[in-house]
Student: 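Handing you a structure now.
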Amino acid sequence: MPPRPIVLYKLCLSLVDDDFFKEPMKKRRRSDRDQRFRAFPSVEQSTLKEYEKLESRTRRVLSNTYQKLIQSVFLDDSIPNGVKYLINRLLALIEKPSLDPIYIGFFGSTGAGKSSLINAIIQQAMFLPVSGESICTSCIVQVSSGCCEQYEAKIHLLSNQEWKQELKNLTKLLHRPEQLGREEEDAWDRDDAVEEAIWKLQMVYGNGVERKSYEELLRAKPKGKIPTSRVITLKAEEAGELSLKLDPYIRTQRRGWDEGSAETQIWPLIKLVEVTLPKSELIPEGIVLVDIPGTGDFNSKRDEMWRKTIDKCSVIWLISDIERVSGGRAHEDLLNESIKACQRGFCRDMALVVTKTDKLHLPEYLRERKVGSQAIQSQREAVLERNEMIKLQRNKVLKEKLKRKLPTDSRVLEDSELVYTVSAQEYWQQALLTEEETEIPKLREYIRRRLLDKKRRMVTKYVTEAFGLFLLTDSFSCTDNLQNEHLHVSGLRRFVEEKIQLLEKAIDQCFAHIVQPLQEGVQNARSSYRQILGVCLVRSRGNQGFHQTLKAVCLKNGIYASRTLGRIDLNEAITQPIYEQIDPVFGGIFRSGKPSDGSALMPHIDAFKRSLQEKMTEIGIRNGWKYDSYKKSFLIQEISAILGGLEGHILRKKRRIYESLSTSVQNDLKPCYEEAAQITGKKACERMKDVLRRGLDQQVDEGMFERAQERMQHQFHQLKMRKRRQREVYQEVTQLNGITEKVKGSVTTMLTLASSQGDGLYKELADVKSECKEMEKLHRSLREVAENALLRRGMQDFLLRMSPSKSGPPKTWI
């Protein structure tokens with residue numbers, strides 16, 4: 001028998017420390033608050049402090065109310081539904097984090113200048129190791145600012161099970177086929193995948209291990225010390241001290257390097273490094289800078305983390321040095337991956353950051369420069385002119401590329417600046433450019449404004465939700481006009497059911513826009529898959545050095561990510577013709593704008609919300625809710641809270657929908673990959689290719705692309721409506737995963753509260769009148785805080801326009 005709700009409440013109350021209620025009520029010391037906002041100019045600090053104060057006071061009021069309600073029902077055997085709903089909602093708001101981190105991804109290949117750029121932004125020269133004689137590991141590095149007093153780094157290693165799986169795959173790659181000819185043996189030894197597998201094993205276990213079996217390696221002892229927790233924590237008082245400790249873990253020596261510390265010897269096991277700085281004057285708390293390698297990783301867990309990290313970034317900066325920005329396959333691959341993040345992930349903004357822009361060969365530049373242009377007087381003038389040209393050219397190219405892939409009203413296309421030209425070296429030296437001309441301060445300003453905007457939106461939503469709950473407490477205390485209550489709610493329920501049916505039809509029409517592009521994409525894929533596969537399987541130097549690389553691709557079900565080669569993903573390549581057709585439409589479905597053609601999802605949900613709110617107002621005025629305006633206001637506010645939470649749910653689901661095409665193809669081709677991976681002996685590479693070609697032909701004939709289409713359409717249907725039952729500890733719970741099911745369940749629960757007075761609920765409530773008044777005052781303060789922020793911003797912009805230009809020749813350092 002499941003325990004009664006009141007027993008669970010009493011149990012929770014007994015387990016919760018008294019400090020739980022006191023903590024939100026503790027006022028932060030003014031000095032602590034000032035420390036948190038040191039990264040902001042004084043004008044923005046004032047705005048943040050007002051929002052912080054507003055949030056802190058709201059949390060205090062919520063905690064006081066929660067404590068009173070818990071105490072008022074503590075001895076009751078049953079809790080009225082309304083109070084139960086109110087208590088749960090209060091607890092959810094109390095536990096809600098102050099601000100979800102903003103992840104800014106630095107996405108680029110090795111040597112592009114990602115680490116140097118992060119060092120410049122956080123004002124710590126050489127803090128993260130930069131590419132030079134050694135190259136950095138392919139693990140992800142996250143840098144953030146926190147409340148800690150010391151510099152701290154946490155190095156997360158692969159679990160024991162994950163490393164065993166890695167070992168198994170590496171030893172399969174190193175299994176040398178028998179009866180190889182001389183040329184085949186030479187080609188096998190020069191294979192990129194073989195060289196990398198040997199390198200990894202030697203770093204961990206020492207020389208000669210490449211000839212050992214999987215079972216022998218399981219018994220072998222690693223050269224470096226591996227903690228049982230699989231987490232290494234480093235701390236230091238100064239940045240330079242932590243940098244020295246951290247360097248061996250995230251820097252690897254070149255192949256063939258025999259020396260190395262114990263720390264260097266475990267780099268193949270590292271999957272993530274988290275670095276936390278003490279309160280920073282430049283990077284505000286809540287911002288996470290992520291150094292993302294450009295190709296992913298051969299290890300499945302690290303590769304999965306690579307993809308998920310890209311997708312959780314709300315901002316992606318594509319990093320490319322000045323010498324590679326004009327083209328090249330690597331740059332195009334990274335750009336395409338960044339655009340896909342906008343399609344499948346949380347990314348709402350991206351930009352191209354061109355690094356090392358102080359580099360310029362003046363005689364060559366002057367020779368290629370157009371005749372008739374204004375004379376160049378110095379190297380500095382040439383660099384600034386060239387940088388402006390790069391901005392104009394790349395901005396145009398990038399916008400055209402984005403227009404082909406994203407909806408025309410995407411936020412990123414509205415940005416005037418899609419390209420930054422930066423120089424980390426000149427930021428430190430200022431021999432050629434001023435600090436402003438290096439554009440490092442411009443990136444910091446972007447980061448600050450992004451956080452300020454998110455904080456404003458978060459606090460506004462938080463205070464508004466809290467205010468809605470207090471409207472509910474007031475409505476419980478009202479005893480006027482109770483006789484008509486059931487009639488009002490019954491009519492409202494019927495209206496909601498009708499509107500939900502209309503919402504289902506609107507969502508169906510919205511999702512129907514994807515059908516035709518899907519069908520056209522499938523036809524394109526059927527006619528081009530052989531050519532695409534041929535391009536993937538052909539190398540300019542023939543099969544030399546490609547045999548085991550292809551085997552690695554097959555072992556990983558069509559995907560191979562190397563530190564030295566570009567990423568190979570056969571499943572994505574084969575489905576690319578479909579993605580090219582659906583990308584603009586797919587992005588259009590999940591955009592947040594208000595198109596008139598009904599192709600976007602969120603406007604339909606917003607229209608549903610407005611119709612409910614308008615109906616409640618209409619019923620309230622016509623049928624007597626004028627005596628109970630608090631209830632009407634609560635229902636209107638709560639509808640906004642319920643439907644407002646749907647956007648995050650939808651964004652989390654869209655990644656699975658988007659990847660369903662390539663995942664479907666991968667699953668269908670899995671037997672083919674497994675068969676090819678087993679091939680050894682003479683001409684193994686050609687035989688593997690033949691297996692892949694035949695297997696792909698067979699799957700296409702059997703409807704592989706059509707199945708992928710059906711699976712994507714099924715994912716869309718599940719997003720619209722899906723119930724899933726699962727067993728929990730005490731009872732069976734129905735999870736509402738579809739949009740309409742979530743709406744129906746939440747709104748039905750909420751409407752039940754509209755008739756809660758009949759339970760004598762008003763007699764059960766504790767006296768929270770003082771908290772209601774305080775919350776009403778805080779809600780009114782929202783507009784005042786927003787107006788103050790707008791006024792300060794206008795004054796700041798006016799003063800900046802009136803101040804002399806900061807540009808000019810750099811200072812002379814003596």
Side-chain angles (χ1 to χ4, degrees), residues 24 28 30 32-62 92-94 96-104 144-145 279-280 282-288 313-315 346-349 411-412 414-416 442-469 592-594 602 606 609 637 640-641 643-648 651 774-800:
R28 284 196 181 97
R30 187 177 298 273
D32 284 348
R33 190 181 291 138
D34 291 345
Q35 290 261 333
R36 291 184 63 214
F37 302 143
R38 285 190 304 173
F40 293 87
S42 57
V43 170
E44 294 174 355
Q45 280 190 30
S46 301
T47 300
L48 276 168
K49 287 174 186 176
E50 285 190 343
Y51 278 116
E52 183 92 352
K53 186 178 179 181
L54 201 56
E55 180 192 349
S56 178
R57 288 171 62 188
T58 301
R59 288 184 182 275
R60 184 169 68 247
V61 173
L62 290 171
L93 277 176
I94 291 168
K96 192 174 185 178
S98 180
L99 187 70
D100 292 328
I102 296 175
Y103 290 88
I104 300 179
S144 61
S145 172
K279 298 181 184 72
S280 170
L282 297 166
I283 298 301
E285 189 177 336
I287 293 292
V288 183
C313 291
S314 54
V315 179
F346 286 85
C347 183
R348 285 290 177 272
D349 202 0
R411 173 180 168 175
V412 66
E414 296 172 3
D415 292 340
S416 56
K442 190 181 285 189
L443 295 180
R444 289 191 191 130
E445 182 186 7
Y446 173 92
I447 291 170
R448 290 195 305 268
R449 290 200 179 188
R450 185 88 185 190
L451 184 70
L452 183 60
D453 180 59
K454 186 168 185 177
K455 185 70 175 179
R456 174 187 59 77
R457 285 185 283 110
M458 176 266 160
V459 173
T460 300
K461 183 179 178 183
Y462 189 78
V463 175
T464 303
E465 273 194 56
F467 177 63
L469 290 179
S592 55
K594 297 181 179 180
M602 288 311 299
D606 290 339
K609 177 181 73 175
Q637 294 278 15
S640 292
L643 298 180
L646 272 178
E647 186 171 8
L651 288 175
E774 176 69 11
M775 197 63 241
E776 190 175 356
K777 203 184 302 180
L778 291 171
H779 188 253
R780 284 200 305 267
S781 299
L782 266 179
R783 176 175 291 184
E784 183 182 340
V785 171
E787 288 173 350
N788 289 344
L790 193 63
L791 181 62
R792 290 192 194 100
R793 187 70 199 166
M795 291 174 63
Q796 184 185 43
D797 290 343
F798 173 76
L799 292 173
L800 283 173

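Quick caveat: nothing in here was measured; it's all calculated off a predicted structure. For the single chain, residues carry numbers from 1 onward in sequence order.
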Student: Going through the distances and angles, do Arg57 and Glu774 end up as a side chain to side chain contact (heavy atoms under 4.5 Å, CB included)?
Tutor: CA-CA 9 Å; Arg57 288 171 62 188; Glu774 176 69 11; 2.9 Å; yes
Student: Just how far is it from atom CD1 of Ile102 to atom CD1 of Ile447, taken to the nearest 0.5 Å?
Tutor: 9.5 Å
Student: Nearest 0.5 Å, please: how far is CD in Glu787 from CG in Leu791?
Tutor: 9.5 Å
Student: Rounded at 0.5 Å granularity, tell me how far CZ in Arg780 sits from CZ in Phe467.
Tutor: 8.5 Å
Student: Kindly indicate whether the side chain of Leu651, heavy atoms from C-beta on, has any atom under 4.5 Å from the side chain of Arg348.
Tutor: yes
Student: Can you measure from OG (Ser98) to CZ (Arg59) and round to the nearest 0.5 angstrom?
Tutor: 5.5 Å
Student: Report the distance from atom CD1 of Ile104 to atom CG of Leu443, rounding to the nearest 0.5 Å.
Tutor: 9.0 Å
Student: Compare every heavy atom of Tyr446 with every heavy atom of Val315, then report the nearest pair and how far apart it is.
Tutor: CG2-OH, 3.4 Å
Student: Would you mind telling me which of Lys455, Arg456, Arg450 makes a salt bridge (Lys or Arg N to Asp or Glu O under 4.0 Å) with Asp453?
Tutor: Arg456
Student: Quick one: CG on Leu54 to CG on Leu778, what's the gap to the nearest 0.5 Å?
Tutor: 5.5 Å
Student: Hey, does Leu99 have a side-chain heavy atom less than 4.5 Å from the side chain of Leu451?
Tutor: yes
Student: Is the shortest side-chain heavy-atom distance between Met458 and Asp100 below 4.5 Å?
Tutor: no
Student: Is a side-chain N or O of Tyr51 found less than 3.5 angstrom from the main chain of Val785, in a donor-acceptor match?
Tutor: no
Student: Would you say the side chain of Pro41 lies within less than 4.5 Å of the side chain of Arg448, judging by non-hydrogen atoms?
Tutor: yes
Student: Does the pair Glu465 and Leu469 meet the rule for a side chain to side chain contact (heavy atoms under 4.5 Å, CB included), with working shown?
Tutor: CA-CA 7 Å; Glu465 273 194 56; Leu469 290 179; over 6 Å; no
Student: So which heavy atom on Val463 is nearest to which on His779, and how close?
Tutor: CG1-CA, 4.0 Å
Student: Provide the closest heavy-atom pair for Val459 versus Leu782 in the form atom of the first, atom of the second, distance.
Tutor: O-CD2, 4.4 Å
Student: Kindly give the heavy-atom pair with the smallest separation between Pro101 and Val288, and that separation in Å.
Tutor: CB-CG2, 3.9 Å
Student: Quick check against the 3.5 Å criterion: does Ser56 have a side-chain atom that pairs as donor or acceptor with the backbone of Glu52?
Tutor: no
Student: Any idea which heavy atoms bring Phe40 and Pro284 closest together, and the distance?
Tutor: CE1-CB, 3.4 Å
